[in-house]
Amino acid sequence: MSVNRTPADTSVVAPSPGATQRLHLSAAGVSVVLDVTDGRSPALVHWGADLGALGPTGLDAACAASIAPVPHNAVDVPVRVGILPQQCDGWIGRPGLTGSRPDGSGWAPRLLTRAVTLDGRPLTAAHTETGAALVRFDLADPELGLKVGLEVELLPTGLLRQRASLTSSADLPYTLDELTVTVPVPGHAEELLDFAGRWGKERTPQRSAFTVGTHLRENRRGRTGPDAAHVLHAGPSGIGFRHGEVWAVHTAFSGNHRHLAEQISTGDRILGGGELLLPGEVVLASGEEYVGPWLYASYGEGLDAVASRFHRHLRSRTNHVDTERPVTLNVWEAVYFDHDLAKLTELADQASALGVERFVLDDGWFGSRRDDTAGLGDWVVSTDVWPDGLGPLVDHVTGAGMEFGLWFEPEMVSLDSDVARAHPEWIMAPSADRLPLPSRHQQVLNLSIPEAFEHVLGQMSAVLAAYDIGYIKWDHNRDLLEAATRSSGRAAVHAQTRAAYALMDALKIAHPGLEIESCSSGGARVDLGVLERTDRVWVSDCIDPLERQQMNRWTAQLVPLELMGSHIASGASHATGRFHSLDFRAASALFGHLGIEWDLTQASTEELTALRGWIALYQDRRELLFTGDLVRADRGDSPLWLHGVVSPDRERALFTLAAVGRSDRSQHDRLRFPGLDPEAVYRILPLPSAARTSSLVPPRWMQLAEQAADEGGLPVPGSVLTAAGLTAPLLDPEQALLIDLTRAEVS
Ligand code: DGJ
């Protein structure tokens with residue numbers, strides 16, 4: 001072997017001036033070990049399995065254990081990946097901070113740690129904290145006039161989140177190109193799982209090998225996107241819902257953003273994310289600060305555990321919705337733009353008779369909005385279609401005991417609108433004389449212009465104040481292409497996203513109790529940034545239950561069921577033309593915030609009776625659905641999908657068995673019900689169903705359960721349900737069965 005260098009002489013490397021600080025944080029089965037050696041930039045030397053109690057010696061050992069040998073032909077010190085990776089630490093991958101000053105300086109900072117605080121208190125050299133904790137690292141490169149604030153927070157749910165801020169203090173401005181924070185993942189994380197999609201088919205999973213290079217998911221749509229990475233996971237090959245150690249990240253931002261997974265030639269692997277800044281969007285003058293979005297990081301055994309941390313985090317919000325999520329009727333697929341008081345009051349009467357609790361008037365009530373070519377931006381009730389205002393309909397709806405909700409698309413403008421005619425300069429455009437390509441005939445209103453912001457806030461507030469409106473469906477139907485301030489040509493997606501957040505916040509303050517649904521051509525704005533200020537997401541414009549089985553299943557990787565709008569539509573899907581039974585449509589919609597999207601005046605008496613039953617079932621089970629743990633069974637390539645919710649005390653559960661295709665085998669694999677207590681005995685009872693099967697004789701356990709219906713079903717040991725499994729009914733495709741499980745009293 002030829003060696004062309006001597007072993008590393010680390011003494012020639014100037015030590016950093018600062019202190020050494022080590023921290024161990026642990027919460028809800030997750031450990032995080034943070035290391036600042038000699039004042040270098042902080043590194044996460046462990047994020048994952050709980051390491052138990054670590055005293056100062058254990059903490060030192062955990063840090064020492066992470067220090068790599070020095071290989072040939074690399075820098076002469078062990079390279080350690082920082083949360084904000086930097087070349088000055090020897091990192092040859094993508095840097096965390098990219099930017100420069102007009103003279104070309106500032107692109108290669110050496111950010112050193114100047115101060116570390118935990119929940120606002122200065123730290124001792126070695127510290128262990130159990131439970132939630134927020135650590136702040138203040139880093140600086142005084143020569144370059146740059147300061148970075150790094151916040152690393154372990155939440156009570158074991159969810160980790162990190163964000164970085166940058167402040168410039170030099171005379172020359174600093175153009176920020178990228179600020180990406182990262183988490184390390186180990187070498188046996190060989191597979192990536194994230195999401196793609198399109199309109200009407202959001203969040204389709206995709207798996208790939210975690211190879212050397214960068215798996216970069218950039219979003220330049222100016223909204224989260226139907227094809228957003230959603231949650232980017234890494235783990236051993238074949239990670240499933242219930243197995244495989246998984247590390248996952250989510251960038252909590254609704255504008256341009258990125259997720260990335262990178263492996264460099266050393267084998268070091270990171271996951272990261274941040275805002276995607278367009279050229280010149282953030283130029284910091286002396287004293288100005290940029291704060292990036294949170295990067296959430298969830299660790300667990302299996303995808304269910306990863307999802308569960310996101311769910312528990314959202315459920316722990318002080319402003320989280322209650323479990324009585326009202327059954328909603330949204331009129332879009334019932335009437336589209338055809339607003340007529342008589343028709344809508346008839347629809348409202350039908351809805352309230354079925355037990356519907358919220359009635360939402362969709363697009364078409366304002367300005368010149370008789371179709372999708374005009375009116376956006378004029379948030380004034382149209383006197384053409386509503387000569388007496390919305391009062392008669394609102395009063396009718398609220399008089400029938402339902403809440404009234406109304407559609408808006410606050411960030412958009414039609415060229416054929418009063419506001420566009422009066423203020424063409426408010427339309428986002430790359431230059432004064434050229435507009436971006438229209439999309440759905442519309443353009444984007446620049447909410448970063450204070451007067452435009454005030455215009456929309458004022459008009460929306462006036463409508464909300466004039467009527468008893470408890471809910472807004474907040475739509476956003478186009479990508480932000482070439483989205484710039486028209487007068488200057490400067491890119492403004494960053495400013496627009498923050499302005500949209502500010503508008504939501506202002507409306508919520510001005511109208512206490514107002515709920516907002518995040519809709520964006522269906523499900524193109526689903527992220528934890530928008531969910532800080534909204535109360536549900538519309539999963540997709542495609543309500544075809546076969547498609548929704550997949551979309552709901554994966555939207556739930558981030559979003560708990562109570563925040564996922566899930567409707568029962570008419571028999572033939574408006575998006576796909578497929579026809580499905582009411583049973584399949586309803587059983588599929590039940591695992592979400594239930595609604596109806598159907599012209600009920602056209603429904604048959606039998607359909608209305610059945611629908612009333614489904615609504616009552618939802619109302620009876622919503623507490624379980626919205627407090628329980630979501631569990632999804634790993635069933636290989638079986639077209640028979642099984643998922644459910646299990647109450648936190650594991651006393652009750654509700655499962656759905658859904659056939660999303662036909663099997664090429666005459667029998668299915670047994671059904672193993674995840675999440676139940678193997679030590680308990682449960683009564684199992686399939687709910688009465690008209691689902692078609694292709695068997696001559698059903699599984700024996702189903703027959704016995706039916707015979708024992710009066711006692712709550714067939715008692716079966718939890719170990720049999722979870723480990724041995726029950727034979728599966730031979731459901732025909734696009735059929736579903738609901739199964740109740742209740743812990744039995746053991747005599
Ligand atoms: C797109 C939404 O996703 C639909 O539900 C509906 O509100 C339309 N926009 C209205 O224009």
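Order of appearance sets the numbers: ligands from 1, and atoms from 1 within every ligand. All heavy atoms count here, side chains included; hydrogens, waters and symmetry mates do not. The first residue in the sequence is number 1, and the count goes up from there.
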Identify, with sequence neighbours excluded, every residue that meets ring pair (Phe, Tyr, Trp, His ring centres under 6.0 Å) alongside His567. Trp538

Pairwise salt bridge (Lys or Arg N to Asp or Glu O under 4.0 Å) hits with a residue in residues 518-528, at least two apart: Glu411-Arg525

So which residues, sorted by chain and number, lie with a heavy atom under 4.0 Å of ligand 1? Trp332, Asp362, Asp363, Trp407, Arg440, Lys473, Asp475, Asn477, Cys519, Ser521, Gly522, Trp538, Asp541

Just checking Glu623: does its CD atom have more than 12 heavy atoms from other residues, nucleotides or ligands closer to it than 6.0 angstrom? no

Among Leu437, Leu481, Ile427, the one residue meeting side chain to side chain contact (heavy atoms under 4.5 Å, CB included) with Gln443: Ile427

Would you say the side chain of Leu278 lies within less than 4.5 Å of the side chain of His494, judging by non-hydrogen atoms? no

Please list every donor-acceptor pair under 3.5 Å in which a side-chain atom of residues 383-394 meets a protein atom from a residue at least two apart or in another chain.
none

